[in-house]
Structures are given as structure tokens and as C-alpha cells.
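Below, each value reflects all heavy atoms present in this structure, side chains not excepted, and no hydrogens, waters or symmetry copies. The sequence lines fix the lettering, A, B, ..., with proteins before strands; numbering per chain opens at 1.
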There are 2 protein chains.
Amino acid sequence: MKTDTLFKRAYNDALELISRLRQGDILPSENALAAGLRVSRTTVRKVIATLDEQGIVSGAGRHRIISRLVGPASRFPDAETVPAAVQGEKQCMEWMLRGDARAGSLINELELARQFGVATTVIREFLNSFQRFGLIERRPSGGWVLQGFTMSFALELFEIREMFELRSAHAFVDLPGTSPLWEQLQALRREHVALLEEVDARFHDFSDLDSRFHRLVNAAAPNRFIDGFYDIITLIFHYHYQWNKQNERERNEVALREHITYIDALLSRYPSVIELACRTHLASARTTLVRSISN
Amino acid sequence: MKTDTLFKRAYNDALELISRLRQGDILPSENALAAGLRVSRTTVRKVIATLDEQGIVSGAGRHRIISRLVGPASRFPDAETVPAAVQGEKQCMEWMLRGDARAGSLINELELARQFGVATTVIREFLNSFQRFGLIERRPSGGWVLQGFTMSFALELFEIREMFELRSAHAFVDLPGTSPLWEQLQALRREHVALLEEVDARFHDFSDLDSRFHRLVNAAAPNRFIDGFYDIITLIFHYHYQWNKQNERERNEVALREHITYIDALLSRYPSVIELACRTHLASARTTLVRSISN
DNA sequence: AGTTTGTCTCTTATGTACAAAAAACTTTTC
DNA sequence: GAAAAGTTTTTTGTACATAAGAGACAAACT
């Protein structure tokens, strides 16, 4: 059976939205709510029906009003608002990248499914879509082998990353001066500077900025294969660094400064300057990743 | 229910194997058969049981003899020896690359499943594993959008291919003279020359040679992401050219000659010569692909 | 006339069932 | 005592069922 996590998230969001209104206010139309909660009207109607049952709204048709304001206690627990696939994915990722499993070992679908409390279908679908990240491989006779997040994986990943990044950085120079990307790059530079000023408190925000910056560089000459590759990078960095907290603040501060240098290089439009800044940043990113694996 | 296509294939193979023996011969051991038919002993036992039922072998335990030789009529039809997943995959590929479907249109799992006579699970699994080829994309709200085999797809594909191929070609030069790859390259060159001599009759064999050559070049500096990318190339070429027969012989002959030049360049170990040969070949391969799309 | 809601249909997500195939273990035979 | 055959246990591939959610159309309201 399909899970109703989407409904539960929408319900929580609806409570949030209502809390900004007053008692007696008219409930927004179903279409408006659907747009606001980013779900279909079908789901909105289910949410409204539940709110009605709970006595939070009353009336029918287009005469619904908010009859009672409620606190956050009546929300569904956050854990129930994630679809099974996402939940399974998260746990699988953790299981793989944390190194609970050794490279070369076989993956047992049923065992994983039981361990993570989802159906085998979910695990299988995850494994299938996860194949492209190169961390697992299908055996000819069926089943999956774990390749694992090894040193060679990291090195091969970075080899490609360097090729792609240099290519995109050089393509950026060829953009016409009127391209909106230049303005976006300026904006991103300001965000970097702002983050650097409060780096002690906000260094966690770097990860997102990093991903956005590299994707912006790639936007200069879009290529679906490069975009797809950046999904891998983003995913690895997201999960891997989540569990490698050593020197996180320092690491991020260094990377922030390198990014700013790199952005300035792009803005200067001098190919040789860009190449230097790009290579410097990639080399230090590689060192960081490699070091975190060898520990 | 799981299909017994594997058993049927093994049974056919077993008949083949038996036809090379004489009546009254002792049947090879289960383990030997398992190795020969490349299936598990469980499946071999099922094959033997069926052969027994059919009166083709008789006796029990280790005293089984071949009691009757049969013609090819008693084989299972070939169509029944392909697993559902492979069958679905083939038909899906055809449906996509032949352009029966327009880019941007939604993919209906149930409809495809009915059309190809398989369960929706099979279609879904195919779509999942096929995602990495960049021809389809998942919508946030569920479902799939067809991106299609368009011109921009081909151009983006070739951009990456050029980067990878040049990188590998240059890495090849750095191989020590003792590397077995040099000998393999020589062997491949001989195969090219042999094929060129009979190109009129055997031009179909080029496709396989092409794939092997490019994979050999990549073997100089293995990288799993590049290998994965070559799966896409191989797949596209395999299916796409299957339906674009125009000038096939001429196309392949040109490519064969380019390959030989390219191989000689590699053997010469002069980077500039290699780069030229490599670029020439890639440019002509790109032109060929692009032309086949615009028609 | 254009929203808004009510109703119905179609599609997907996910759990479950079950046969096929693999793998592990046990007994037999030479 | 080692290889072969017999037996049991696991695991995977595929079908199918069903609720959730999206979307289309019709009716009702302002």
C-alpha cells in the first residue's frame, strides 16, 4: 500500500499556514491551498476533511472558517512525513558510506529491507537507481556487490571532477557580458563574503553554497552528463562529510576563501588566472576527501 | 512468479551438448554440467529431470546414460529463453530510440507494460536503471518524462566522449613498454586489417570491434565513471545504428581506416600525432551520428 | 463568466505472495 | 576420503493487489 506521507506533510504545513491566520477567518480556496502546499487538490481535500474532523475548521463548501487554533502538538511526527523510498535511501546511504559494510561483500535485499523496515521493492528500487553512483554493481548471476567508498573511488571521482570543472570554468569566460550568470556569480560572491564573516556560527551552511557555486559554473555550458555527475559529487559530500566532522570549521573556511579567489578569477576573465584558482581549489578539496578516507 | 527462462535456455544448451555425444554414453556429472551450462546445480537437476521425463536420458544417480538422441525440434522456442527484464528492456529501448514517442511526453508505466506483455514492475525497474543514460527523467511528483534521443543529447554525449577519449589516449602513451596492452593493441590492429580486407561481407562486425577498441584505450588508466559512460556510448551505437542502415558499409570502412591510423598513432607514442588521429576519428564519428539524427 | 467545489478516473508507490534459482549442508558411492 | 547426488534453506525475479495522489470533467456558486 502506498504510504500517506505526502498527506501528513501537507497537513502539518496546513497547520503552520493556519497558525498565521485568526480564528473566524475564511479558509483559502482548495486551489489556493493546493498551490501553497505544493500538492494536488485531492490531497488538499483530504487535509481539509481531517481538519474538519479535528474541529479546526468548520462549515462546508465555500463557507469554511477556522474555528479553533491549535498548537504544534497536533502535528504528525516528522518521521511519518518522509516517503518510504526516501527513508530507505537515507538508511542505505548511511549503511554504505559509513563503512558498516565491507567492500566486495554481497548485498542481501531481504536483510536490508528488514533492517530498515521497508519492503524489498523499495530496497531494490534504491539499488537500481543507486547503481549509477558506482558504489555498487550488479552481478551477472543476480544480486549486488558492494564496491564501497574506497580510496580509488575517491581518486577516480576527482579525476573526472577536475576535467569537468576546468572545462566549465573555461566555458564561463566565453559567456557574453550580458549573461545573467555574471550577476548570479556576483550575488554568490556576496553570499560567500557574508558567510565568511560569520563562519564560526554558520559554517554548516557552506555545503549548500558549495553545491550551488559549482552548479552555477556548469550552467555556463549545460551538459546533462556533467549535471548528472554533479549529483554524485553532491551526494557524496552531503553524506560523507556528515560523519566526518574533524576540522569542519577550518576546512570550510579554507574552501570559502578558495571559492572567493576562484570567483574573482572568473570575473577577471583571464583564462590562466582561472585555471590556477580552479586547480588550487580542486587540489585542496581532493586532499580533504582523501585524508578523511584514510582515517 | 519468477519465469523459468534460465531453465529453458539451459535445457536447450544441454540438448546441444548431448547431440555431440553418442547413444549409451554416460551423462557428465551434475557439477560438470553446471559448469558447462553456466547455471547452478539446482537448475541442472531440473534439466536432467526433464530429460529423463522425455526419455532422453535414463537411469538414476550416477548411472545415467543417454538413451535417445533428439533433433532440434524438441528445443524450447528461443523467445522463451529470455528473462522478462531483458525482453522488456529491449522493447523499451526500441520504443525510445526509434522515436515512436515524442520528447517531453509522459511515460505511462501501465501502458508500456501492457504493450510489451510484462508486469509493471519490470518496466519500472527498467526505467530506473535506464535513468542514467539521460534519455528519461523523473518528475518530482512521480512519473517519468521522456527526454528523447535529440540533437542536443548527441552533442552533449560527444562533448564528454571527446574529453574522455583524449584523456585516455594520452594516458596510453605513459604505459610502460612491458604492458600487455601493447600486445593487445597490436592484436586489435590485425583484426582491423583483417576486417578491412573483407569489409564487403563482414562490415556488421565493426560495431563490436569499435566497442572493444575504445574500451582497450580506456583500460590504460581505468576509471569507473569513464567505463560507465562507455556503456552509454555502446548502447546508443548498438541500438541507434541498428535502424540507421544508410551507407553502413561506407561508414564502417571509413571508421576502420581511422581506427588503424589511430592505433598506429598510439603505437608511435607521439602525443601530437595521437591527438590528431583521435580528434579526426571523433569528429567523423560525431558527424555520422548528427547526420543520422537530422534525417 | 470565471471560480470553486464535487465526483470520477487514471496512474503510481509500496506491500505481499510465490515460483525459480542459487547456495549451503548432508548423505551416498566408488 | 573425495567427488557425486540428495536435501534443505536462502535469496531473487516477477506478478499482483490496493491505497494514495494527480488530473479531468461536471455541477454549483457568486
- Message: How many whole angstroms separate atom CZ of Arg9(A) from atom P of dG21(D)?
- Response: 10 Å
- Regarding the side chain of Ala84(B), the nearest nucleotide among dA13(C), dA4(D), dT14(D) is dT14(D)
- Message: Does Thr42(A) reach a base, just sugar-phosphate, or nothing at all? Heavy atoms under 4.0 Å.
- Response: base
- Passes side chain to side chain donor-acceptor pair (under 3.5 Å), Arg138(B) versus Ser129(A)? Steps please. CA-CA 11 Å; Arg138(B) 208 191 253 283; Ser129(A) 63; 6.0 Å; no
- Take atom CD1 of Ile26(A) and atom P of dT5(C), then tell me their distance rounded to the nearest Å. 11 Å
- Query: Arg139(B) has a side chain; which of dG21(D), dG23(D), dT30(D) sits nearest to it?
  - Reply: dG23(D)
- Residue closer to the 5' end of DNA chain D, Thr5(B) versus Lys8(A) (nearest nucleotide): Thr5(B)
- Note on the structure: Checking dA15(D), dT4(C), dT14(C) against the side chain of Thr121(B) (C-beta onward), the nearest is dA15(D)
- Across the strands shown, which category fits Thr120(B) at heavy-atom distances under 4.0 angstrom: base, sugar-phosphate, nothing? nothing
- Task: Report yes if a side-chain nitrogen or oxygen of Arg45(B) is closer than 4.0 Å to either non-bridging phosphate oxygen (OP1 or OP2) of dG6(D); otherwise report no.
- Result: yes
- Note on the structure: Testing dG21(D), dG6(D), dA20(C) for proximity to the side chain of Thr43(A), the answer is dG21(D)
- Proximal nucleotide (of dA21(C), dT14(D), dA5(D)) relative to the Asp4(B) side chain: dA21(C)
- Item | Check: Lys46(A) main-chain N/O paired with Thr50(A) side-chain donor or acceptor under 3.5 Å | yes
- Message: Can you classify the ring geometry of Phe153(A) versus Phe225(B) as parallel (below 30°), tilted (30 to 60°) or perpendicular (above 60°)?
- Response: perpendicular
- Task: Consider the side chain of Arg124(B), meaning its heavy atoms from C-beta on, and name the nucleotide among dT5(C), dT12(D), dT12(C) that approaches it most closely.
- Result: dT12(C)
- Item | Interatomic distance, Lys2(A) NZ vs dA13(C) C1' [rounded to whole Å] | 5 Å
- Message: Is it the case that the side chain of Ser105(A) and the backbone of Leu146(A) share a donor-acceptor pair, with hydrogens and angles ignored and the cut-off at 3.5 Å?
- Response: no
- Note on the structure: Among the nucleotides dT12(C), dA5(D), dT14(D), whichever has the atom closest to the side chain of Glu109(B) is dT12(C)
- Query: Do other residues, nucleotides or ligands put more than 12 heavy atoms under 6.0 Å from Leu21(B) CG?
  - Reply: yes
- Task: Let me know, please, whether His63(B) or Val39(B) comes out on the 5' side of the other along DNA chain C by nearest nucleotide.
- Result: Val39(B)
- Message: By the 4.0 Å heavy-atom rule, please label Ile107(B) as base, sugar-phosphate, or nothing.
- Response: sugar-phosphate
- Along DNA chain C (nearest heavy atom to each residue), the more 5'-positioned of Gly117(A) and Asn108(B): Asn108(B)
- If only side-chain N and O atoms of Lys46(B) are considered, is one of them under 4.0 Å from the OP1 or OP2 phosphate oxygen of dA21(C)? yes
- Task: Assign Ala85(A) to base, sugar-phosphate, or nothing according to its heavy-atom contacts below 4.0 angstrom with the strands shown.
- Result: sugar-phosphate
